[in-house]
Amino acid sequence: MANGTQITIQSEDVGTIIKGTAKSRSGDTDTIIDLNDVTAIVINLRDPDGNLTNHTATAVNSNGGTDGIWSFTTASAIFSRNPGIWYIQAKYSLANSTVFYSNIKTLSVGETLL
């Protein structure tokens with residue numbers, strides 16, 4: 001998710017593409033999760049008030065996701081009128097019933113002048 005950098009989105013943005021890379025960590029080694037082995041990618045967003053919403057992501061590349069890159073596009077202004085720091089975490093469910101969670105990252109949502 002943006003390589004650990006902070007992302008700024010405006011609160012009324014629609015069509016924002018949010019991407020990340022599925023990885024698992026063992027010790028100091030990161031390994032890409034092959035999204036062909038994933039049955040679901042759920043993106044959890046927590047707003048500044050603590051409300052949680054879930055969004056479905058899909059593999060970006062036509063190879064099914066051997067590079068681990070996923071994305072989802074906001075179809076509405078999901079950050080609407082709630083500027084501040086949001087939290088994002090991906091949940092990867094694998095076919096063998098294994099579940100991985102990403103590290104929690106922050107999204108900075110700026111106020112829109114309306």
Side-chain angles (χ1 to χ4, degrees):
M1 289 179 258
N3 296 324
T5 60
Q6 187 169 339
I7 301 167
T8 301
I9 299 169
Q10 296 309 118
S11 64
E12 294 298 317
D13 286 353
V14 176
T16 302
I17 299 170
I18 297 176
K19 289 184 178 182
T21 302
K23 298 178 184 178
S24 65
R25 176 168 280 186
S26 178
D28 292 333
T29 304
D30 286 339
T31 304
I32 299 293
I33 296 173
D34 184 344
L35 298 181
N36 290 305
D37 300 331
V38 173
T39 58
I41 306 167
V42 176
I43 307 305
N44 298 306
L45 292 172
R46 181 176 298 140
D47 71 16
D49 297 329
N51 299 312
L52 186 67
T53 58
N54 303 314
H55 308 273
T56 302
T58 57
V60 169
N61 297 310
S62 59
N63 67 7
T66 57
D67 59 3
I69 299 173
W70 56 261
S71 76
F72 82 94
T73 303
T74 61
S76 63
I78 61 175
F79 306 106
S80 185
R81 300 182 191 262
N82 203 351
I85 301 299
W86 287 57
Y87 296 93
I88 182 170
Q89 184 176 45
K91 175 184 175 185
Y92 309 105
S93 300
L94 280 66
N96 66 3
S97 299
T98 302
V99 175
F100 290 104
Y101 288 89
S102 71
N103 291 334
I104 298 170
K105 302 287 184 174
T106 60
L107 299 170
S108 178
V109 176
E111 188 173 356
T112 303
L113 299 176
L114 296 176

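Here Thr56 contributes atom OG1 and Ile41 contributes atom CD1; the two are 9.5 Å apart, rounded to the nearest 0.5 Å. Taking OG1 of Thr66 as the reference point, atom CG of Asn61 lies at 7.5 Å (rounded to 0.5 Å). With rounding to the nearest 0.5 angstrom, the CZ atom of Phe72 is 10.0 Å from the CG atom of Asn54. The CH2 atom of Trp86 sits 8.0 Å away from atom CG of Asn51, with the distance rounded to the nearest 0.5 Å. Interatomic distance, Thr73 OG1 to Ile17 CD1, rounded to the nearest 0.5 Å: 4.5 Å. Distance CZ/Phe100 to CD1/Ile33: 5.0 Å, rounded to 0.5 Å.
Of all non-hydrogen atoms in Trp70 and Ala57, the two that sit nearest each other are CE3-CB, 3.7 Å. Residue Ile85 comes nearest to Pro48 through the heavy atom pair O-CG, 3.6 Å, listed as atom of the first residue, atom of the second, then distance. Closest approach of Thr39 to Ala95, counting heavy atoms only: CG2-CA, 3.6 Å. Closest heavy-atom contact between Lys19 and Ser71: CG-CB, 3.5 Å.
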Exercise for review: Report the C-alpha separation of Ile18 and Ile43 in whole Å, then their side-chain angles, then the decisive distance to 0.1 Å, and conclude whether the side-chain contact (heavy atoms from CB on, under 4.5 Å) test is met.
Suggested key: CA-CA 10 Å; Ile18 297 176; Ile43 307 305; 5.6 Å; no
Review point. Passes side-chain contact (heavy atoms from CB on, under 4.5 Å), Thr21 versus Asp67? Steps please.
Key: CA-CA 8 Å; Thr21 302; Asp67 59 3; over 6 Å; no
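Linking ILVMFWY residues whenever their side-chain heavy atoms come closer than 4.5 Å, directly or via other members, leaves Ile88 and Tyr101 in distinct clusters.
You'll find the side chain of Tyr87 stays beyond 4.5 Å of the side chain of Leu107, heavy atoms only.
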